[in-house]
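One structure is given below, encoded as structure tokens.
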Amino acid sequence: MATPNLTSFAGQVVLVTGAASGIGKASAELIAERGGHVVCLDLNEAGLKTTVSEISAAGGKASFKVLDVSSQSGVKKVIAEVLAEHGQIHALANSAGISGPTGKPVEEVDWAAFQKTIEINLYGTVWLTQELMPSMKANKYGRIVHLASIAGKEGNPGLSPYNTSKAGMIGFVKGVAKEVAPHGVIINSLAPAVISTPMNSNTSDETLKYMISRIPMGRVGQPEEVAEIVAFMASKACSFTTGFTFDASGGRATY
């Protein structure tokens with residue numbers, strides 16, 4: 001008897017936020033390649049259209065909805081729409097995020113900018129999880145992947161809003177995982193070091209140099225390298241690991 005391919009997403013509906021670029025786009029493409037119907041979510045509609053057309057051209061299944069994850073009403077609306085259209089959401093890969101103010105001493109960070117970073121990176125994580133949980137529990141199956149950061153484990157100087165948002169995300173995932181483990185829902189986070197994505201295009205040279213200097217491999221990561229781990233975490237193959245923060249840091253974090 002053939003062993004089932006647990007990394008296949010055939011027959012599954014997978015939400016990917018931040019799918020217009022970077023890690024989100026690479027993850028959406030890989031999950032679609034492995035048979036999933038990917039619902040791509042992002043604020044950037046032009047980028048979403050590009051991602052969906054590239055997936056379709058490669059023979060994959062994808063659709064998109066514009067979503068601002070820092071809007072609780074927006075999150076509620078989109079999750080309800082996807083459930084109405086598809087009946088079930090098997091997995092979420094939440095890659096939506098911003099770096100916020102970079103290279104600034106903590107006392108110089110404008111509060112509105114600090115708050116916006118938290119709203120997108122942390123509140124968005126909480127709201128997406130809350131909206132997905134009832135249906136995943138009812139189906140006794142779910143995979144949730146939240147993209148955290150090495151900054152949430154170790155902190156990076158000059159990035160206090162980002163550090164705070166990602167450390168909060170990691171703590172949130174740890175506790176929720178223990179709550180939902182008996183219900184067939186698995187939730188993990190992933191902590192990449194600096195990755196070559198548009199999000200880092202605004203990061204100051206000084207901050208980038210610091211981050212790369214901390215990576216034993218001596219280079220930035222590529223979105224496709226991170227997508228491989230995201231796809232595993234979102235699949236049936238990830239069956240006995242929950243509440244964990246996976247690593248994609250070129251050796252910077254070994255814990």
Side-chain angles (χ1 to χ4, degrees), residues 16-18 21-27 30 69 93-110 113-125 144-175 177 187-234 238 241-255:
V16 180
T17 69
S21 62
I23 294 168
K25 181 178 183 185
S27 300
L30 184 57
V69 296
N94 173 32
S95 180
I98 60 168
S99 56
T102 70
K104 281 196 170 182
V106 63
E107 69 274 19
E108 290 176 20
V109 178
D110 175 69
F114 200 120
Q115 195 168 1
K116 189 66 183 170
T117 309
I118 300 278
E119 284 170 357
I120 292 171
N121 296 356
L122 182 55
Y123 291 8
T125 293
I144 295 177
V145 181
H146 289 303
L147 267 291
S149 169
I150 187 67
K153 282 186 173 183
E154 294 193 352
N156 283 322
L159 278 171
S160 57
Y162 188 72
N163 298 335
T164 304
S165 68
K166 295 302 188 177
M169 175 192 276
I170 290 170
F172 173 75
V173 165
K174 285 179 178 180
I187 176 169
N188 291 293
S189 53
L190 172 58
V194 62
I195 307 296
S196 176
T197 69
M199 190 178 88
N200 288 313
S201 60
N202 298 325
T203 304
S204 69
D205 284 346
E206 188 186 359
T207 303
L208 272 177
K209 280 179 188 154
Y210 166 81
M211 293 193 287
I212 294 168
S213 75
R214 308 278 296 164
I215 299 173
M217 286 188 183
R219 66 173 177 87
V220 298
Q222 296 303 313
E224 293 74 20
E225 293 177 297
V226 183
E228 287 287 347
I229 307 178
V230 171
F232 164 73
M233 293 166 71
C238 184
T241 306
T242 195
F244 185 61
T245 307
F246 284 78
D247 177 59
S249 70
R252 176 173 170 181
T254 50
Y255 61 93

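All values below were derived from every heavy atom in this structure, side-chain atoms included, with hydrogens, water molecules and symmetry-related copies excluded.
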**Study point:** T241 side-chain N/O to C238 backbone N/O, donor-acceptor pair under 3.5 Å
**Key:** no
Exercise for review: Apply the test side-chain hydrogen bond (donor to acceptor under 3.5 Å, both in side chains) to residues S189 and T245: give CA-CA distance (whole Å), side-chain angles for both, the deciding distance (0.1 Å), then the verdict.
Suggested key: CA-CA 5 Å; S189 53; T245 307; 3.1 Å; yes
Exercise for review: Would you check if the side chain of D110 reaches a backbone N or O of A113 as a donor-acceptor pair within less than 3.5 Å?
Suggested key: yes
Review point. Where do E206 and K104 land on the salt bridge (Lys or Arg N to Asp or Glu O under 4.0 Å) test, with the steps shown first?
Key: CA-CA 11 Å; E206 188 186 359; K104 281 196 170 182; over 6 Å; no
Check your understanding: Shortest non-hydrogen contact from V106 to S160?
Key -> CG2-OG, 3.7 Å
Exercise for review: Using atom types as modelled and distance alone, determine if a side-chain donor or acceptor of N188 lies under 3.5 Å from a backbone N or O of F244.
Suggested key: yes
Review point. What residue among V173, I170, T17 forms side-chain contact (heavy atoms from CB on, under 4.5 Å) with H146?
Key: V173
Study note, to complete from the structure: Tightest non-hydrogen contact, residues A248 and V226, listed as CB-CG2, 4.4 Å
Point to revise | Closest non-hydrogen atom pair, A231 against L30 | key: CB-CD2, 3.8 Å
Point to revise | Sidechain-backbone polar pair: E108 side chain, P105 backbone, donor-acceptor under 3.5 Å | key: no
Review point. Atom CG of L190 and atom CG of N94: how far apart are they, to the nearest 0.5 Å?
Key: 11.5 Å
Check your understanding: So, for P216 and G250, which heavy atoms are closest and what is the spacing to 0.1 Å?
Key -> CD-O, 3.3 Å
Point to revise | Which atom of S196 lies closest to which atom of V220, heavy atoms considered | key: CB-CG2, 4.0 Å
Check your understanding: Under the side-chain contact (heavy atoms from CB on, under 4.5 Å) criterion, do T207 and M211 qualify, and how do the steps go?
Key -> CA-CA 6 Å; T207 303; M211 293 193 287; 3.9 Å; yes
Point to revise | Closest non-hydrogen atom pair, R252 against Y210 | key: NH2-OH, 4.1 Å
Review point. About how many Å separate CD of E224 and NZ of K25, when rounded to the nearest 0.5 Å?
Key: 9.5 Å
Review point. So, the side chain of N163 versus the backbone of G152: is there a donor-acceptor pair under 3.5 Å, distance only?
Key: no
Check your understanding: Are any side-chain N or O atoms of S249 and backbone N or O atoms of A193, one a donor and one an acceptor, separated by less than 3.5 Å?
Key -> no
Exercise for review: Taking K166 for its side chain and P161 for its backbone only, find out whether a donor-acceptor pair lies under 3.5 Å.
Suggested key: no
Check your understanding: Is the backbone N or O of I187 less than 3.5 Å from a side-chain atom of T242, with the two atoms forming a donor-acceptor pair by type?
Key -> yes
